[in-house]
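Notes for the one structure printed next.
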Amino acid sequence: MNIPEIIEQRVAALLASMTLSEKIGQMSQVNASEGYAPDYLADGLREGRIGSVLNVVDVSIVNELQRIAVEESRLGIPLMVGRDVIHGFKTIMPIPLGQAATWNPAVVKQGARIAALEAATCGVNWTFAPMIDISRDARWGRIAESLGECVLLSSELAVAMVEGFQGDDMAARGSIAACAKHFAGYGAVESGRDYATTNIPETKLRNVYLRPFKAAVDAGVSTLMTSFSDLNGIPATANEFLLRQVLRDEWSYDGFVVSDWDSIRQLQVHGLTENDKESAFEAVSAGVDMEMAGDAFSHHLDSLIEEGRVSIERIDNAVANILRAKFRLGLFEDPYTNPEVLPPIASEDALQTAKQAALESVVMLKNDHAVLPLSAESLQTVALIGPLADAPYQQLGTWIFDGDVELSITPMHAIHSLVGHDLDVRYLRAMENSRSKASDSFDEAVEIAQSSDVTVLFLGEESILSGEAHSRADISLPGDQAELVRRIRETGKPVIAVILAGRPLTLTNIVDHVDAILFAWHPGTMGGPAIADILFGLESPSGKLPATFPRVVGQIPIYYSQKNSGKPASWDTIAHIDEIDTRAPQTSLGMSAFHLDTHFTPLFAFGHGLSYAAFEYHRIWTSSNEIALGDSITISTELTNQSDVAADEVVQLYVRDLVASITRPVKELKGFRRVHLKPGETLTVEFLLHTDDLAFFGRDMRITTEPGEFHAWIGGSSETQLRAEFRIVPNN
Ligand code: BGC
């Protein structure tokens, strides 16, 4: 018998010996954040009324809870111990959106591995990550936790995270179960307001929002979490279409589904149910296996079964899903945690990974006249000004329950240690925090800037401005930051903005007042050294945007893979509000898809990111002009590093399906690769594309590739114009 068969046998044997109350217990997860083992918890464990706990991270308490569950309960079933380990445990990696800007699955996987190893020292065996909600609205605070707007990038990085958390062997020490969340559609909340409603047509749901989840399921993700949001009228936590039809019937998923925090009882608040009992009925019937932090299941499932409204088969199926995950985690063999056998917290490897991830996540948005990198040899004084130059906590970003702020190295400290002996480094915070509206220190800031060779402004958002329930309607730099930029600009000295933030920001009001912008997201523990190395040219920036930067908030949703529409905007079909000739007929205003008061393009496009090197893409070619369905095509490019700087470049392949039975996006990322080029080096990069990679869900909700014409582009951003064409023909 192989391992999966043995596990199925053990699940069946255990299930057969369980009482109904023990089964319902497995389906109940309890918040244990009090920090000790209170009686209700201990009693609940003894009586088999609790299958999982969350938010306990003291290893002696976790071991004690496991001991009670294993040694004092009738069946001795160990606990899943959950925690939000979202981008690191003690050592904090960049926020997930920043990690997505690396376009590097290897570093993302290693970051998740480190997080798992550190969390495992506290007895945590289950993280509520990765969050893989496609996010195309930067107002939504949770975009920080996401992997951005793109289906392929999110899917590949989702897989990397799952592999990092779960390891090659989930039962090995240091591996923890992952949880792909929030199933599904959460990123599409109306106007970016957290928890709000989503309305997503089924083709879009399947072609966009569900795809990263399918990738995570195929990668063996242990668990899935439902979304708080309402999807087309049925909250995700009660959505049978998602949880049964798609997840179980179509994808044959055999992990378990946990609700979000109390999201079962919230079904009543949504207006779907009358009371907790009906909420439990809806959720369990739809396919939720475990309730997080609520008591609808523990209070009502037994009577729902007694009344015959919920079948015992459904309960057995839910419990089997949960037990299967516990067996796969090896908990029955080894429920206890011995931190001694795991690598120490903040190991050399952990800090190095955090630095590498931060380095690769920084996106250089502009660099006029090659003002960057700064040269420690030719400068004498550098001014570091702004609320985020020395903010060890803020640079960690959202969701860092366990993050160790003591480990944080800020840009101010890192710059001092890197160049402090060669340069006069002057620092002024100038604003209490990013939201401050007091400009009393601005005169002093101007004086410092005036008497320095260059000013580096550290701007952005504090961590509290993004994350769950932290949406913003105006996503420009908060407080008086734009005014600070304007004042510093007046000195006439070079100004560089380093922006730390949890989302894409609208930078329109500062972009022309600074010479260079490094967008560093919330870069985590090692953000400072990474930023210092980039500023002073020890490393070239190499991050690329995982989400489009709008010019103004009213452009949202704006993303690279939009549809063409029947009247696409172009430079010669647009008009601007300031240039409208009121005597002319209204039809002279272009009649295309644009806003009168801004451009139709974003401020910075998806995939954009500059380098200290200069990469020239010479050409693009395909292995053939025509391929049959079921075959593959190679699409290649040749690029040269035309500079004397060695650097990484992220080569991106985009494809458009020109004519299809449902309209298709103007561009879709179909491949990407981070490559390193020495000065003067020329490299050929090939992408192998199977016709299945071009499949989509059409009118009949089946996934197919339709024969026809395709365009392909390769380049260093989604704006690349380097194009080839090919055709797919039927394979008869
Ligand atoms: C969030 C989840 C998180 C859970 C547990 C909820 O409010 O939506 O993403 O995993 O809390 O902390």
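Read the numbers this way: they start at 1 and go in the same order the structure lists the ligands and their atoms.
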*Which protein residues have a heavy atom under 4.0 Å from ligand 1?*
Asp84, Phe128, Arg142, Lys181, His182, Met225, Phe228, Asp260, Trp261, Met292, Trp399, Glu468
*asked:* Given Leu147, which partner from the list Asp133, Leu153, Leu157, Leu97 fulfils the side-chain contact (heavy atoms from CB on, under 4.5 Å) test?
replied: Leu157
Within a reach of under 6.0 Å around [atom1] of [X], are more than 12 heavy atoms found that belong to other residues, nucleotides or ligands?
| X | atom1 | result |
| --- | --- | --- |
| Asp249 | CG | yes |
| Arg67 | CZ | yes |
| Tyr393 | OH | no |

_Any side-chain donor near an acceptor of the partner, Ser434 and Glu462, under 3.5 Å_ = yes
_Using a strict threshold of under 4.0 Å (side-chain N to carboxylate O), is an ion pair present between Asp169 and Arg328?_
no
